[in-house]
Amino acid sequence: MGQELEQSIPNNETPNLIHNNIVSTKTLAILQPHSFLPKPTPPGNSRGNSNNNKNIKNNVSTSNHKNDVVSSTFAKFKFLKQRSNEISSVISKSVLSLKHSIDEQNGASFKKSISDVTEFTLSGLKVVVEVKNDASFTFVSVTFFSRSNCRDCSAVRKFCREKRLRFVEINVDVFPEREKELFERTGSSTVPKIFFNEKFIGGLVELNALRRNGELEKALTVVSEKCCDGGAPAVPEYGFDEVAEEEEEEGEMARVVRVMRQRLMIQDRWIKMKIVRNCFAGNELVDLLIQHLLCTRVKAVEIGKRLCKKHFIHHVSGINDFVEGNHFYRFLEHEPFIPKCFNFGPATNDSEPKTAAAVCNRLTKIMSAILESYASDDRLHVDYDAIRKSEEFRRYVNMTQDLQRVNLLELSENEKLAFFLNLYNAMVIHAVIRVGYQEGVINKNSFSDFQYLIGGHPYSLGAIKNGILRSNRRSPYSLVKPFGTEDRRLELVLAKMNPLIHFGLCDATKSSPIPRFFSPDGVSNELRCAAREFFAKDGIEVDLEKRTIHLTPIFKWYTMDFGQEREILKWIISYLDANKAGLLTHLLGYGCSVNISYRKFDWSVNY
């Protein structure tokens, strides 16, 4: 067999053979085919195999090309990243060393060095670092004095916001103690008065002059020389109120009430088969006043009547006047509704009550200043969190204590209307901050029960809206009027209900009218303007093709105030712009039926 194998192998080929444990070694040479002979092909004659091979070859080629591109790109990215790290490291070290060298210098050498230019060169890159003098180039802090509901002040405020300037507004209606400083610095009490750092610029006219002359940017970037004693106006501090002036009558009445609280026997008593808590007898009060003031009994009874009229004490059954005898009274702070009143602090306000007109004026100015500072220009969005932290809101909350024993009967009809409109909108803002909301939606029940102590009686948001402003009418889906026949608050109900109040009340929702505050003299015109603005935005939509009017559901809820649907549409026309009024008149002119669709009310908070 070994011989047959050797004979089948050419002489010039010597493979390794193992036979009978004998190894023979021969060298083999590969013979190349003749150039005229056909080239050998792989097994298989189908065209599919040939095409597949070509496709495989092409795919391999394409794949290799892609890999080359990816490898090349990755290599370039790696190089750039490494290069960037090197550049950043060198720049950081150089700037750091430059800073250290500057810090080590002093006096004139420092002033000279800060204007120098330091440069260093990397391979293929030149970096130049120039240190600017922060003492000669800085942005100015703007401070201006203002008042509530001032158009020029609003223009200055808008300018600062558009320029994104840091500015401090000192509203002298909110901070009356700063009005003296305003006059001392500027020689006038008119506003606005603008300061760039320490330098007094002037009013809105002077600011516009700087803008026209092209000098405003320069004034905002260079530090001005001190032109007012004491530097720039100080920022209002949180938690400091102006000192209130004491009155002799206030002190006398406060001393009498303090003695009453200390010496009267206040206890729970059994009256007409029920327990009345924290009360005292009228004859006990008379005896105490005679003993303490050394006055006659008639004088003591007169003092008791004054205490009732000023709401220091109340009869347990609601009788307004003080009567000597076995009648029982209690202090205002012992009334059962007091814990639910959000304007009643830990201490009782025994000061002489301010006039209702003065309280309304103060409330309007503070709340107007709050909206101007913390609401958008269109009043569609209110920053309640910023209001909660502001000094203006803190002063408002303190001011609401003046409402506890205010005499509202002295208000005229228009003053009463403006007072309760403003109070309602202010209480809504207070309710959003104190009660809050869940998942961005107002809780109608908790908000409606939010109440203040006003003139010795509790007034909730629902009582103000439905009891006072709507002339004691039932709220939607309710069968009971807010005030009963013997309710003392009936004396304050408006004689005539004005349906425009619904466009002056804001419920802090996106679908309600925007928040605003009214003046007693112009409340009627301001309500008409509020209605026009409400309809001009999205209060009404006219669809001619479907002959449909889309309205706010306020008209559906308060049909008693506006009348039937056909009457509502005629009433609305006088408050629409020319375009919408023409469309609505066109629909109503044919005498055909008109469909009214009520939109869905969005109870989301308007923040």
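Counting begins at 1 with the first residue of the sequence.
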Pair up each side-chain donor or acceptor in residues 549-558 with any protein partner under 3.5 Å, not counting sequence neighbours, and list the distances.
unit_1 : atom_1 : unit_2 : atom_2 : d
T552   : OG1    : I554   : N      : 3.4
Y558   : OH     : K465   : NZ     : 3.1

How about [X] and [Y]: does a side-chain donor come under 3.5 Å of a side-chain acceptor?
X: N414; Y: S412; answer: no
X: H311; Y: Q404; answer: no
X: S154; Y: E372; answer: no
X: K481; Y: S478; answer: no

Among N422, N149, D173, which one satisfies side chain to side chain donor-acceptor pair (under 3.5 Å) with T364?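 Answer after filtering N422, N149, D173: N422.
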What pairs of donor and acceptor atoms, side-chain ones from residues 451-463 against any protein atom, are under 3.5 angstrom apart with sequence neighbours left out?
unit_1 : atom_1 : unit_2 : atom_2 : d
Y452   : OH     : Y396   : OH     : 2.9
Y452   : OH     : H430   : ND1    : 2.5
S460   : OG     : A463   : N      : 3.1

Any carboxylate oxygen within less than 4.0 angstrom of a Lys/Arg side-chain nitrogen, looking at K389 and D385?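 Looking at D385 together with K389, the answer is yes, because their closest N to O distance falls below 4.0 Å.
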Could you tell me whether E491 and R488 have a side-chain N and a carboxylate O separated by less than 4.0 Å? yes
Which residues pass the ring-ring contact (aromatic ring centres under 6.0 Å, His included) test with Y575, sequence neighbours left out? W571
Residues in ring-ring contact (aromatic ring centres under 6.0 Å, His included) with F344, at least two apart? none
Answer yes or no on whether R405 is positioned over the face of F312, meaning its NZ or CZ is under 6.0 Å from the six-membered ring centre and within 45° of the axis. yes
Cut-off 3.5 Å, no hydrogens considered: what does the side-chain donor-acceptor table look like for residues 494-508, sequence neighbours left out?
unit_1 : atom_1 : unit_2 : atom_2 : d
N498   : OD1    : L500   : N      : 3.1
H502   : NE2    : D561   : OD2    : 2.8
D507   : OD1    : Y424   : OH     : 2.7

Test item: R532 side-chain N/O and L527 main-chain N/O as donor-acceptor pair under 3.5 Å: no
Show me the pairs that pass side chain to side chain donor-acceptor pair (under 3.5 Å) and involve residues 508-517, at least two apart or across chains. T509-S512, R516-E533
